[in-house]
Amino acid sequence: MRTYYVFQSKAEPGLRGFAETATGDALPADVGPWVLTQQIGPNEEWNQGISRAIVAAGILENGFYLWGPVNRATSSHPVIESDRVEGTAVYNPHGTQIGTIKRLLIEKVSGRVLYVDVTFGGFFGLGVHHRTIPWDKLSYDKEFEGYRTDVTEAQVQGAPAFYGDDTVWPDRRREQEMRDYWHDIPRGPI
């Protein structure tokens, strides 16, 4: 178990940031400055309103974890960089996180994003599961700073793995399994 440092944003008072260092250097500056409010040792009670495992996974993946509302100004640009999508949470209609976007699957010829590899489960990178869902089933939610979907957690967990740790690249059988599962019409070769 680790020691975690909890920070509060001065710009967004409802936003908390979790880090592994007392300096909070890894926290995003655009919603700071950050003020250290609490240190939680390995044997201390955890009462943060979010699972310690989720915070640990976020820190492992990004170097920090944010919890709470944030009012970032939206860009007027109609594009978003892939590295800003990767690592973003996916929420069900009730606001419960059901996974995290690991990577985008882009159709080579058109350049369109067709699917996303969503990860869930696991602890500290062990036992993480990869499942693929159609990109068009996601919509960005500014309030959650993540993607919402009408797909349930059970549907994500039951979906075929199209890409993940167990394969180097998907084959046509996996592609057809995935399309059949999501009742997805082919939009071009992958």
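Counting begins at 1 with the first residue of the sequence.
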request  = Could you walk me through whether Thr100 and Val118 pass side-chain contact (heavy atoms from CB on, under 4.5 Å), step by step?
outcome  = CA-CA 5 Å; Thr100 302; Val118 175; 5.9 Å; no
Test item: Ile98 and Tyr91 side chains (from C-beta on) under 4.5 Å apart, heavy atoms = no
task = Identify the heavy atoms of Arg148 and Gly95 that sit nearest to each other, and give their distance.
result = NH1-N, 3.6 Å
message = I'd like to know whether Lys102 forms a salt bridge (charged side-chain N to carboxylate O under 4.0 Å, His left out) with Glu86, so could you lay out the CA-CA distance, the side-chain angles of the two residues, the decisive distance to 0.1 Å, and finally the verdict.
response = CA-CA 5 Å; Lys102 179 68 176 174; Glu86 295 162 358; over 6 Å; no
message = Do Leu66 and Leu27 make a side-chain contact, defined as non-hydrogen atoms from C-beta onward lying under 4.5 Å apart?
response = yes
ask   = Do Tyr4 and Ile59 come within less than 4.5 Å of each other through their side chains, counting heavy atoms only?
value = yes
query = For Pro13, does its backbone N or O pair with a side-chain atom of Gln8 as donor and acceptor, under 3.5 Å?
reply = yes
task = With sequence neighbours excluded, tell me which residues meet side-chain contact (heavy atoms from CB on, under 4.5 Å) with Gln48.
result = Val6, Arg16, Phe18, Gln38, Ile40, Trp46, Ile50
request  = Report yes or no: does Trp67 contribute a side-chain atom to a donor-acceptor pair with the main-chain N or O of Gly14 at less than 3.5 Å?
outcome  = no
key: Worked check of ring pair (Phe, Tyr, Trp, His ring centres under 6.0 Å) between Trp135 and Tyr147   = CA-CA 10 Å; Trp135 173 248; Tyr147 290 88; 5.6 Å; yes
request  = Locate the shortest heavy-atom distance separating Pro28 from Phe64; write the atom from each residue and the value.
outcome  = CD-CE1, 3.7 Å
ask   = Do Ile101 and Leu138 come within less than 4.5 Å of each other through their side chains, counting heavy atoms only?
value = yes
note = In this structure, CH2 of Trp34 is separated from CD of Glu12 (nearest 0.5 Å) by 8.5 Å
message = Please give me the minimum heavy-atom distance between Pro93 and Thr149, naming the atom from each residue.
response = CD-O, 3.1 Å
task = Answer yes or no: is there a side-chain heavy-atom contact under 4.5 Å between Tyr115 and Ile133?
result = no
note = Correct closest heavy-atom pair for Ala154 and Tyr181 would be O-OH, 4.3 Å
Which atom of Val31 lies closest to which atom of Ala11, heavy atoms considered = O-CB, 3.9 Å
key: Hydrophobic cluster membership, Leu104 vs Trp182, 4.5 Å side-chain cutoff   = yes
ask   = Do any N or O atoms from the side chain of Gln155 and from the backbone of Thr152 form a donor-acceptor pair under 3.5 angstrom?
value = yes
request  = Identify the two heavy atoms, one from Gly63 and one from Ala26, that lie closest to each other, and give their separation to 0.1 Å.
outcome  = O-CB, 3.3 Å
ask   = How many angstroms lie between CZ in Phe7 and CG in Leu15, if you round to the nearest 0.5 Å?
value = 12.5 Å
message = Side chains of Glu20 and Thr3, heavy atoms from C-beta outward: is any pair under 4.5 Å?
response = no
